[in-house]
Amino acid sequence: MLITAQIETTAQFCANHNIRYHLIIHPVPHEIRTPDSTLALLKKTLSQKAYTIDICKEMTAFYQAHDLEKYSLPKNGHFNSMGYWAMGEIIYKKLPR
């Protein structure tokens with residue numbers, strides 16, 4: 001996967017320069033509505049060079065309890081400001097302390 005190679009290149013650059021690199025793996029709205037194998041393949045192919053924070057389960061659970069349509073933009077498939085706020089809250093809870 002091209003994205004995997006880029007992630008590993010970035011992780012190696014950070015390691016060489018003593019930078020802590022965290023990779024956040026999250027679904028976008030259409031992946032919450034209709035899960036596919038893209039994220040699973042990405043997680044499977046990543047090496048241990050990057051510390052990953054996987055919030056897929058937490059985001060899916062959040063949107064099972066909340067109306068995804070109120071947190072996303074219908075035309076471009078991205079989250080709106082409330083959706084990114086929710087994502088930020090989930091990431092904050094999973095960050096290493």
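Quick note: numbers below take in every heavy atom, side chains included, and nothing from hydrogens, waters or symmetry partners.
- Taking NE2 of His22 as the start and NZ of Lys94 as the end, the distance is 13.0 Å to the nearest 0.5 Å.
- The hydrophobic cluster around Ile19 extends to Phe13, counting ILVMFWY residues whose side-chain heavy atoms fall within less than 4.5 Å of a member.
- The two residues Ile55 and Pro27 make their nearest non-hydrogen contact at O-CD, 4.5 Å.
- Taking CD from Glu31 and NE2 from His26, the interatomic distance works out to 8.5 Å, rounded to the nearest 0.5 Å.
- Under a hydrophobic-cluster definition in which Ile, Leu, Val, Met, Phe, Trp and Tyr are linked whenever side-chain heavy atoms come within less than 4.5 Å, directly or via other members, Phe62 and Ile53 are assigned to the same cluster.
- For Glu69, the salt bridge (Lys or Arg N to Asp or Glu O under 4.0 Å) test picks out Arg33, with sequence neighbours left out.
- When the side chains of ILVMFWY residues are joined at heavy-atom separations under 4.5 Å, either directly or via intervening members, Ile25 and Ile7 end up in a single hydrophobic cluster.
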In residues 78-91, what donor-acceptor pairs under 3.5 Å come from side-chain atoms, sequence neighbours left out?
| residue | atom | partner | partner atom | Å |
| --- | --- | --- | --- | --- |
| Asn80 | OD1 | Met82 | N | 3.0 |
| Asn80 | OD1 | Gly83 | N | 2.9 |
| Asn80 | ND2 | Lys70 | O | 2.9 |

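- Side-chain N/O atoms of Thr4 and Glu8 include no donor and acceptor closer than 3.5 Å.
- Remark: Asn16 engages Gln12 in a side-chain hydrogen bond (donor to acceptor under 3.5 Å, both in side chains) (not counting sequence neighbours).
- Residues passing the side-chain contact (heavy atoms from CB on, under 4.5 Å) test with Thr60 are Gln64, sequence neighbours excluded.
- Residues Leu73 and Tyr71 do not share a hydrophobic cluster, clusters being chains of Ile/Leu/Val/Met/Phe/Trp/Tyr side chains in contact below 4.5 Å.
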